[in-house]
Amino acid sequence: MAKKVGTLQVIPPKKHNFSHHDISHNAIKVIEGLNRAGFKSYLVGGSIRDGLMGCNPKDFDVSTDATPEQVRKVFRHSRIIGRRFRIVHVKFGREIIEVTTFRGESTDSEQQVESSTGQLLRDNVYGDMRSDALRRDFTVNALYYSPEDESIYDYTMGIKDIEKRQLRIIGDPLTRYKEDPVRLLRAIRFASKLGFSIEEKTAAPIRDNAHLLTHVPPARLFDEVLKLFLNGSATATYSLLKDYQLLDSLFPSTMAVMDKSPYFEALIDAVMINTDKRIRNNKRVTPAFIYGALLWPAFIYEQHKLVENKVPIIPAVHEAAEKVIRQQQAFIAIPKRFTIPMRQIWELQWRLALRTGKRAEKLLSHEKFRAGYDFLLMREVAGERLNGLGNWWTRFQDAPEEQRESMVQELQPKQRSPRKRKASPKSHTL
Ligand code: ATP
Ligand code: MG
């Protein structure tokens with residue numbers, strides 16, 4: 001029998017495969033603590049979705065009818081955070097369990113503030129489990145689990161959507177995207193991460209409403225955009241972002257010049273593939289590298305313009321980096337701790353070509369050498385012809401000292417002869 005959205009369906013333990021063992025002990029402790037204090041509480045969101053899909057859930061969110069203040073009183077090591085949504089973080093060593101109070105349905109109230117575009121600026125109206133489910137973003141994210149009866153509580157037919165492997169927004173799609181345009185990005189993120197299709201009505205308004213993203217505070221976009229590329233399916237995510245034309249609102253300066261060189265798109269693709277591979281192999285991925293690739297086209301274009309206007313290469317590199325980063329901050333607020341290494345990676349692309357005398361040896365101990373070298377390899381993978389520069393550095397790093405000296409010496413005549421000069425700082429993509 002077809003169920004209506006908002007009707008509760010309780011799935012008993014025999015009828016689902018979500019296992020108690022998938023849950024962090026600390027999340028159970030939080031739920032038990034709240035229940036003992038007389039409140040209702042459930043595990044909710046991504047952990048149930050991932051558990052049902054057979055992936056290891058990583059973070060655990062709890063939803064309850066206790067207010068943030070009441071939750072705060074139950075757990076000593078907890079604090080209330082956030083303004084837009086007030087939530088409580090309960091700390092257990094390095095693990096944090098996020099506890100949210102059931103949200104209510106939209107009403108006019110001081111606790112719920114809307115902008116002129118329909119964006120919810122504050123949303124602290126409390127309600128019950130049903131209204132909480134209906135205020136969540138996608139049906140597959142609105143499933144609740146009770147460790148007490150081991151049942152799953154489903155108000156939005158989320159279980160069905162998991163079976164159908166489809167992502168469906170709850171409620172009227174356009175209203176929900178307007179309320180919080182970040183949901184446009186979340187649709188892409190979950191579809192690619194889970195390998196789900198985006199249900200037709202959920203997908204329909206995305207392209208035409210991409211511009212709404214420009215109303216999201218740049219600081220919030222920094223986190224959300226990073227999550228898009230760090231979940232192990234950056235390649236699929238990037239391609240969906242392109243399909244849905246969301247990149248113009250995130251990286252306008254890059255998108256404006258993307259078709260000026262075939263290497264631009266190829267470099268970003270190569271970095272996305274490499275990022276996924278590193279995550280699969282539990283290697284570190286730095287945001288500076290990812291943002292460095294996404295902004296590389298804009299940076300090269302600016303730098304090229306300056307050189308054409310007779311600005312010497314080194315000041316041109318600095319000036320172009322400065323300008324691209326400054327303009328990008330209006331869309332995505334990339335913190336200084338990432339823009340500094342990003343600039344260093346870009347600058348190294350020129351310095352790595354200058355290897356004579358003591359330069360190559362010195363560059364090896366540059367704090368960002370590794371990232372700069374990796375970036376160089378990515379450019380070569382993208383098809384840029386750099387005259388074997390990447391390979392030279394690969395050999396140079398592993399060579400014993402005497403061999404390094406001779407490698408540098410072999411370069412001298414080549415670099416002096418103007419006719420044979422290759423891989424010079426000027427050789428570039430445009
Ligand atoms: P992940 O695996 O990326 O952590 P998640 O589903 O747990 O996925 P979170 O960002 O941790 O995502 O959010 C937890 C839950 O809060 C979501 O599952 C969803 O129910 C709800 N939620 C998060 N962001 C929004 C939003 N912008 N609008 C509505 N509901 C949201
Ligand atoms: Mg989560």
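Counting convention: from 1, in listed order, for ligands and their atoms alike.
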> For atom 21 (C) of ligand 1, what is the nearest protein heavy atom, given as residue, atom name and distance?
R136 NH1, 3.4 Å
> Checking a contact table here: which protein heavy atom is nearest atom 30 (N) of ligand 1, and how many Å away?
D137 N, 3.2 Å
> Number the atoms of ligand 1 from 1 as they appear, then name those within less than 4.0 Å of a heavy atom of R135, with their elements.
29 (C)
> Could you report the tightest heavy-atom contact between V317 and F299, atom names first, then the distance?
O-CE1, 3.5 Å
> Tell me the nearest of R176, R183, K58 to atom 26 (C) of ligand 1, using heavy-atom distances.
R183
> Do F251 and F331 make the cut of ring centroids closer than 6.0 angstrom?
no
> Establish, yes or no, whether a centroid distance under 6.0 Å links the rings of F369 and W393.
yes
> Using the side chain to side chain contact (heavy atoms under 4.5 Å, CB included) rule, pick out the option among E302, M258, E265 that qualifies with P297.
M258
> Taking the six-membered ring for Trp, is the centroid-to-centroid distance between Y153 and Y42 below 6.0 Å?
yes
> What residue and heavy atom of the protein are closest to atom 11 (O) of ligand 1, and at what distance?
D61 OD2, 3.7 Å
> Write the atom name of the N, O or S atom in D59 that is nearest the Mg ion (ligand 2).
OD1
> Report the part of F138 in contact with ligand 1, treating N, CA, C, O as backbone and CB onward as side chain, heavy atoms under 4.0 Å; options are side chain, backbone, both, neither.
neither
> Against ligand 1, does K193 come closer than 4.0 Å with any heavy atom?
yes
> Below 4.0 angstrom from a heavy atom of G46, which ligand 1 atoms are there? Numbered from 1 as shown, please.
5 (P), 6 (O), 7 (O), 18 (O)
> Identify which of R189, R186, E98, K227 has a heavy atom lying nearest to atom 13 (O) of ligand 1.
R186
> Within 45° of the six-membered ring axis of Y244 and under 6.0 Å from that ring's centre, is NZ or CZ of R207 located there?
yes
> Using the six-membered ring wherever Trp is involved, compare the ring planes of H211 and H215 and label them parallel, tilted or perpendicular (cut-offs 30° and 60°).
perpendicular
> To which of D180, D59, D223 does the heavy atom nearest atom 27 (N) of ligand 1 belong?
D180
> Would you please indicate if the ring centroids of F196 and F190 are separated by under 6.0 Å?
no
> If we only consider heavy atoms of V182, is any one of them less than 4.0 Å away from an atom in ligand 1?
no
> Ring centroid separation for F338 and F222, is it under 6.0 angstrom?
yes
> Just need the protein heavy atom nearest to atom 8 (O) of ligand 1, so name the residue and atom and give the distance.
R49 NH2, 3.3 Å
> Within the 4.0 Å heavy-atom shell around G45, which atoms of ligand 1 are there?
18 (O)
